[in-house]
Amino acid sequence: MRQLGEVFGRLREKREGALVLFVTAGDPPLAQLPAILETLATSGADVIEVGLPFSDPIADGPVIQASSQRALDRGTKTADVLAALRGFDLAPVVLMGYTNPMARRGLGRFALDAAGAGAAGTIVCDLTPDDAGDWREASREAGLDTVFLAAPTSTDERLDRVCEASTGFVYAVSRTGVTGAGHEAWDEARTLVGRIRARTDLPVCVGFGVSGPADVREVCSFADGAIIGSRLVTLLADRWRGGEGREEVAAWVREAKAAARR
Amino acid sequence: MAAVSPSLGRFGPYGGRYVPETLVPALDEFESSFRRAWADPGFQAEFEGLLRDYVGRPTPLTEARRISERTGLQVTVKREDLNHTGAHKINNALGQCLLAKRMGKSRIIAETGAGQHGVATATVCALLGLECEVYMGEEDCSRQELNVFRMRLLGARVIPVSSGTRTLKDALNEAMRDWVTNVRTTHYVIGTAAGPHPYPEIVREFQSVIGREARAQYLERHGRLPDVGIACVGGGSNAIGFFHAFLNDPMDLIGIEAGGLGIPSGHHAAPLTAGSPGVLHGSYSYMMQDEDGQVLPTHSVSAGLDYPGVGAEHSYLKDSGRVTYRSASDDEALRAFQEVAQLEGLIAAFESAHAFVPLFERGGLSPGARVLVNLSGRGDKDMERASTLLGLQS
Ligand SMILES: Cc1ncc(COP(=O)(O)O)c(C=O)c1O
């Protein structure tokens with residue numbers, strides 16, 4: 001199982017930006033997840049975020065909302081998602097989601113199950129270091145990284161806390177807003193990354209509004225990695241079709257990775 | 001979920017702040033400006049002045065003589081229905097909008113279920129010259145259409161929400177997303193005692209005028225306190241505002257949730273009666289969820305109670321046993337709605353009608369008990385549905 005520290009260390013040596021890709025577990029159907037993960041990793045994804053669907057995703061825009069709903073309508077369950085990850089070791093997998101489904105059977109148990117399935121860490125959209133004491137402890141014990149989000153609105157004191165609580169990497173939210181493709185300017189993100197860098201040696205990846213090679217190139221000029229979510233979710237929903245579109249997806253990933261190479 | 005880290009704004013284990021990082025600085029700012037304002041006699045004078053001269057407080061206590069005769073109880077009603085805009089919601093909307101002005105926020109957003117909170121917020125925004133946008137589930141827009149018209153007339157933009165169950169929960173989701181996007185210019189006026197810290201506490205403080213008034217009025221008139229206090233519980237703002245002044249008194253306090261088609265049917269909105277603790281809309285509290293932590297759809301005849309979560313302080317009061325929470329079904333609420341109209345000439349909101357149900361239950365309250373019921377709002381908004389449900393057209 002490849003862990004985040006190893007992957008980012010290798011990329012740093014090669015002076016390459018990381019391509020981080022988000023997929024919703026269960027959309028396309030969960031049975032396709034192993035094939036999707038393999039396609040992404042072999043085409044250039046350095047880290048993969050696997051979204052655990054939640055019925056009330058307040059940090060997500062329309063694309064990921066709809067995708068989560070489709071996944072839930074197909075009956076996607078947390079335990080099945082973890083089972084689908086087992087055996088995948090081509091890139092570190094970070095589980096991304098919301099507190100309630102992760103905590104439903106107890107944080108400690110979830111952390112152990114996630115680590116047991118091979119996950120490298122978690123990103124919890126509605127959890128900040130303020131309320132995460134137990135979660136950090138459970139993750140430490142299970143050997144999971146805890147990636148926290150930093151926002152353009154975060155004060156210096158809050159950035160200190162986010163950097164202190166994060167392991168693996170820090171997730172810099174590019175703008176005030178929810179997930180979704182489309183972005184006008186990267187000035188806010190650039191400033192935020194600088195403020196984070198002043199506080200930690202951890203890699204900093206930028207997400208929200210990163211949708212294609214041009215964004216990836218721009219973001220990787222000032223950050224350690226670029227995170228693409230909604231755009232890939234749309235591509236998979238429209239084109240994957242049980243694997244028929246595998247080559248199209250792979251080509252898209254290769255192009256995005258080329259842009260991350262700087 | 002067993003473990004939550006003790007942190008800010010907890011009622012026992014409940015509450016906290018489960019929100020995207022982007023919002024935390026705004027919540028901190030909201031809290032500190034509230035603390036400053038609440039300690040500022042100038043703010044208090046402005047708030048109380050408007051509650052008196054604009055909202056019409058204090059609201060009266062009415063002796064419900066014919067209900068008392070019918071039930072063998074001694075029933076008194078706190079008349080929040082007589083507030084300007086027709087419900088308790090304006091107490092909180094006024095307080096929060098005054099704070100928003102102090103924080104220099106020019107834009108207000110709100111969610112609404114029954115439309116009463118939306119109307120109250122739109123009203124205060126008109127009064128204070130603030131821009132107002134209200135999120136409302138599509139289903140609620142149609143079942144509370146009159147309130148949609150009222151909000152528009154007041155100059156607010158009503159944004160129908162078509163995601164999820166198209167009711168209050170989804171309106172809250174959409175308002176949260178708007179807030180994450182526009183947090184620098186916008187204040188989000190949550191309409192109930194739920195949400196992330198500091199909302200549950202601030203909403204309670206703005207609503208606690210209900211119980212403070214009622215307690216003083218009851219003591220003055222009866223020379224003693226009631227035996228029982230009852231309020232309906234959606235997110236819990238009228239109930240917490242009503243209960244709070246009585247928490248240290250030797251009184252039974254009862255919160256009534258929406259039992260919908262009955263608890264066993266699963267079609268209800270009674271998280272305290274039939275749910276379990278979890279994290280929804282920024283706080284850890286009882287909620288309706290499946291075994292995988294997904295939020296369950298709810299049902300209630302009343303849009304304002306049709307919500308799968310509840311304010312964190314109610315969860316604490318349930319566990320501590322200080323307040324008893326029960327549910328009343330749609331049918332029971334509709335019967336109480338008619339009884340209260342025909343016995344007292346009071347047309348209650350469907351939400352408020354739930355609070356009257358225990359009065360008419362056989363074997364519920366002890367005979368002769370002195371009962372104070374909070375009539376949280378009036379039912380004009382519900383007349384169209386009432387006419388269909390009760391066959392009032394002919
Ligand atoms: C008249 C009335 N009562 C009660 C409620 C329920 O809200 P809460 O539980 O916050 O008082 C509503 C909500 O719309 C309402 O309009």
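Per chain, numbering begins at 1; letters A, B, ... match sequence-line order.
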| task | Taking only Lys NZ, Arg NE, NH1 and NH2, and the carboxylate oxygens of Asp or Glu, determine whether B/R17 and A/D126 approach each other closer than 4.0 Å. | result | no
| remark: Among B/M287, B/M176, B/K169, the residue with the most heavy-atom pairs under 4.5 Å to chain A is B/K169
| Backbone N or O of A/T78 within a donor-acceptor pair of the B/D292 side chain at under 3.5 Å? | yes
| query | Hey, are the side chains of B/N182 and A/T176 touching, using non-hydrogen atoms and a 4.5 Å cut-off? | reply | no
| Is the closest basic N to carboxylate O distance between A/R104 and B/D290 below 4.0 Å? | no
| task | Let me know if A/A150 has heavy atoms under 4.5 Å from chain B in its side chain, its backbone, both or neither. | result | backbone
| task | Please round to the nearest 0.5 Å and tell me the distance separating atom CH2 of B/W179 and atom CD1 of A/I58. | result | 10.5 Å
| message | Between B/E174 and A/Q65, is there a side-chain heavy-atom distance shorter than 4.5 Å? | response | yes
| field | Residues, nucleotides or ligands: over 12 heavy atoms within 6.0 Å of A/D238 CG | value | yes
| task | Below 4.5 Å from any heavy atom of chain A, which atoms of B/T165 appear? Answer side chain, backbone, both or neither. | result | neither
| query | Does any heavy atom of chain A fall under 4.5 Å from the side chain of B/E291, the backbone, both, or neither of them? | reply | both
| N/O donor-acceptor pair under 3.5 Å between A/D131 side chain and B/G16 backbone | no
| query | When you check the side-chain N and O atoms of A/S154 and B/E21, is any donor under 3.5 Å from an acceptor? | reply | yes
| query | Looking only at heavy atoms, what is the nearest atom pair of A/R158 and B/P25, with distance? | reply | CD-CG, 4.2 Å
| note | Okay, A/P62 and chain B: the region with an atom under 4.5 Å from a heavy atom over there is neither
| message | At a 4.5 Å cut-off on heavy atoms, which part of A/V162 comes close to chain B: side chain, backbone, both, or neither? | response | side chain
| request: Nearest 0.5 Å please: distance from the CG atom of B/D28 over to the OG1 atom of A/T155. | output: 7.5 Å
| task | Taking atom CZ of B/F11 as the centre, report whether more than 12 heavy atoms of other residues, nucleotides or ligands fall under 6.0 Å from it. | result | yes
| request: Would you name the heavy atoms of B/G293 and A/P101 that are closest together and state the gap between them? | output: O-CG, 4.0 Å
| message | Between B/V24, B/V183, B/D178, who has the most heavy-atom pairs with chain A when the cutoff is under 4.5 Å? | response | B/V24
| Is any side-chain heavy atom of A/S68 closer than 4.5 Å to a side-chain heavy atom of B/Q294? | no
| said: Does any part of the side chain of B/L280, heavy atoms only, come nearer than 4.5 Å to the side chain of A/N100, both counted from C-beta? | reply: no
| field | Region of B/V295 that comes under 4.5 Å of a non-hydrogen atom in chain A | value | both
| field | Contact winner vs chain B - A/P53, A/S55, A/A151, heavy-atom pairs under 4.5 Å | value | A/S55
